[in-house]
Amino acid sequence: MQNSKASFDALVIGGGPAGLSAAMALGRACRTVALFDSQEYRNEGVTMMHNVICHDGENPDNYRDTAAKEILDKYDTITLIKTKIIGAKHITAGARPRFEVTNNEGVIWSGRKLILASGTREIFPNIKGYKELWGNGIVHCLFCDGYEKRGGHVGILGLQSMKELTFTLMSFLLAREGVTVFTNGVSSVTDNDAQKARQIAEARGARFDHRVIESLSENPDGEGVRIQFREGGYQNVRMLLSTPTAINRAADLISSLGLETETGPNGYVICKSPMHETSLHGCFVAGDTSTPAKIVSVAQATGSLAGIGAAMQLAMDDASGSE
Ligand SMILES: Cc1cc2nc3c(=O)[nH]c(=O)nc-3n(C[C@H](O)[C@H](O)[C@H](O)COP(=O)(O)OP(=O)(O)OC[C@H]3O[C@@H](n4cnc5c(N)ncnc54)[C@H](O)[C@@H]3O)c2cc1C
């Protein structure tokens with residue numbers, strides 16, 4: 001299939017809850033869909049997802065596999081292609097504007113609409129053991145994780161801004177043995193936002209530990225995380241809350257298409273319509289990459305909107321002959 005060009009009504013980049021929902025909507029509209037999945041998921045390695053009605057506590061791999069099987073079994077216009085897309089173009093020359101995407105083997109797929117459901121990924125702080133405990137002791141969102149770990153000592157890593165304060169305050173109801181902010185050596189902050197966050201947390205009853213962290217590991221004496229300090233000594237916590245910066249996984253595709261984005265630690269592609277169309281006509285966005293509310297239920301909902309939006313636009317294009 002090298003350099004051949006297969007054409008579809010819609011190209012959907014992403015096989016997570018957003019992309020799968022978008023593909024389902026398009027399948028139900030009898031549209032041909034190429035659904036691309038590089039198999040890199042944000043909640044990779046997590047054994048249980050929460051706060052998803054009817055799926056609370058389900059393994060995310062199982063959830064994705066079941067959803068993919070369901071849409072492929074029921075809607076024969078959907079093709080799942082397990083490959084990484086490395087290029088995306090909007091072609092305006094010729095009678096029909098279209099999108100073309102390509103993988104690293106030079107295969108090209110063409111589509112009248114494009115849906116980016118490519119998700120986000122976190123940039124981890126440079127602390128030994130952090131990556132290994134991500135999603136397994138280190139908690140980034142109390143709605144996703146945390147309730148099951150209630151009852152012990154809660155650690156907060158950082159607290160550098162007001163953005164991190166909400167989860168800190170919420171964690172008091174989960175922490176029977178108190179809340180400690182581990183600043184990793186950053187004992188004083190000059191930034192007003194960070195100062196305010198620390199003052200509010202302290203007034204609520206948080207303790208502060210300013211020792212430099214040497215490493216993080218599983219607590220060998222029980223559940224949770226062991227924080228080892230550079231000067232010696234350690235502290236065990238039942239969970240360690242930490243919200244690192246998230247960036248778009250397909251940032252290069254987003255920038256090559258010239259889409260308007262909201263920057264910042266929780267950045268996303270800006271939607272210009274209720275159906276999640278971007279600043280580029282015919283290009284839709286869904287899931288984590290379309291919103292600061294990066295959770296599965298929102299990914300499903302926005303995926304449905306983008307899929308429905310693309311299907312409606314295709315019908316209008318067909319009627320007007322404009323495509
Ligand atoms: C540790 C952790 C635990 C979490 N737990 C929960 C929870 O309990 N409950 C909850 O609601 N949310 C949870 N979340 C958030 C949840 O994982 C995301 O909100 C959700 O996965 C977003 O779905 P998505 O489809 O937008 O992106 P993803 O699930 O990340 O899927 C992105 C898809 O795009 C594909 N992709 C990306 N780039 C390309 C490319 N160039 N070519 C081809 N394919 C590409 C990927 O391979 C993947 O298939 C958790 C997140 C983390 C980090």
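Each ligand, and each atom within it, is numbered from 1 in the order the structure gives.
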### Query
Do the side-chain N and O atoms of E58 and H50 include a donor-acceptor pair separated by under 3.5 angstrom?
no
### Summary
Ranking H50, R249, E44 by closest non-hydrogen atom to atom 9 (N) of ligand 1, top hit is H50
### Trace of the ring-ring contact (aromatic ring centres under 6.0 Å, His included) decision for F99 with H90
CA-CA 5 Å; F99 295 88; H90 186 220; 4.5 Å; yes
### Message
Please check whether S38 reaches ligand 1 - meaning an N/O of the residue sits under 3.5 Å from an N/O of the ligand, judged on distance alone.
### Response
yes
### Message
Any donor-acceptor pair under 3.5 Å linking the side-chain atoms of Y130 with those of N126?
### Response
no
### Query
How close does the nearest protein non-hydrogen atom get to atom 28 (P) of ligand 1, and which residue and atom is it?
R42 N, 4.1 Å
### Message
I want to know if ligand 1 touches D288 in the polar sense, i.e. an N/O pair below 3.5 angstrom.
### Response
yes
### Task
Look only at interatomic distance and state if V52 has a nitrogen or oxygen under 3.5 Å from any nitrogen or oxygen of ligand 1.
no
### Query
In the protein, which heavy atom is nearest to atom 43 (C) of ligand 1, and how far is it?
T83 O, 3.3 Å
### Query
Which residue supplies the protein heavy atom nearest to atom 25 (O) of ligand 1, what is that atom called, and how far is it?
A18 N, 3.0 Å
### Donor + acceptor pair across side chains of T180, H153 (<3.5 Å)
yes
### Query
Short question: side chain of T289, backbone of V285 - any donor-acceptor pair under 3.5 Å?
no
### Query
In the protein, which heavy atom is nearest to atom 2 (C) of ligand 1, and how far is it?
H140 CE1, 3.5 Å
### Task
Could you find the nearest protein heavy atom to atom 38 (N) of ligand 1 and give me its residue, atom name and distance?
S118 CB, 3.6 Å
### Task
Say whether E277 and Q313, considering side chains only, have a donor N or O and an acceptor N or O under 3.5 Å apart.
yes
### No-hydrogen, no-angle side-chain donor-acceptor test under 3.5 Å, T302 and H276
no
### Summary
When every non-hydrogen atom of S171 is compared with those of V179, the smallest separation belongs to OG-CG2, 3.6 Å
### Message
Given 3.5 Å as the limit, does a donor-acceptor pair link the side chain of N43 with the main chain of V46, or not?
### Response
no
### Query
Can you list the atoms of ligand 1 that are under 4.0 Å from a heavy atom of V296?
10 (C), 11 (O), 12 (N), 16 (C), 19 (O)
### Query
Do any nitrogen or oxygen atoms of Q39 lie less than 3.5 angstrom from nitrogen or oxygen atoms of ligand 1?
yes
### Message
I85 versus ligand 1: do any nitrogen or oxygen atoms come within less than 3.5 Å of each other?
### Response
yes
### For A117, atoms of ligand 1 separated by under 4.0 Å from a heavy atom
32 (C), 33 (C), 34 (O)
### Message
Is a donor from one side chain sitting under 3.5 angstrom from an acceptor on the other, for D9 and T32?
### Response
yes
### Task
Output the list of atoms in ligand 1 that are nearer than 4.0 Å to some heavy atom of K294, sorted by atom number.
15 (C), 19 (O)
## Note on the structure
Note: I115 and A310 closest approach over all heavy atoms is CD1-CB, 4.1 Å
### Message
If the contact criterion is a heavy-atom separation under 4.0 Å, does D37 count as touching ligand 1?
### Response
yes
### Query
Just by distance, do the side chain of Q228 and the backbone of I213 share a donor-acceptor pair under 3.5 Å?
no
### Query
Which option, G303, G14, A251, G57, owns the non-hydrogen atom nearest atom 35 (C) of ligand 1?
G14
## Note on the structure
One finds that the ligand 1 atoms under 4.0 Å from a non-hydrogen atom of F36 are 44 (N)
### Task
Please confirm whether N51 comes under 4.0 Å of ligand 1, counting heavy atoms of the residue only.
no
### Query
Heavy-atom distance to atom 21 (O) of ligand 1: which of P17, G15, G16 wins?
P17
### Task
Pull out every atom of ligand 1 sitting under 4.0 Å from any heavy atom of A299, numbered as shown with elements.
22 (C), 23 (O)
### Task
For Y41, counting its heavy atoms only, list the atoms of ligand 1 lying under 4.0 Å from any of them.
30 (O), 48 (C), 49 (O)
#### Entry: Heavy-atom pair of closest approach, residues D288 and I295
OD1-N, 3.8 Å
### Message
Would I295 count as a polar contact of ligand 1, with the cut-off being nitrogen or oxygen pairs under 3.5 Å?
### Response
yes
### Query
Against heavy atoms of E40, which atoms of ligand 1 measure under 4.0 Å?
46 (C), 47 (O), 48 (C)
### Query
Side-chain donor-acceptor pair under 3.5 Å between R230 and N184, yes or no?
no
### Message
As an exercise, identify every atom of ligand 1 less than 4.0 angstrom from a heavy atom of I13.
### Response
39 (C), 40 (C), 42 (N), 43 (C), 44 (N), 45 (C)
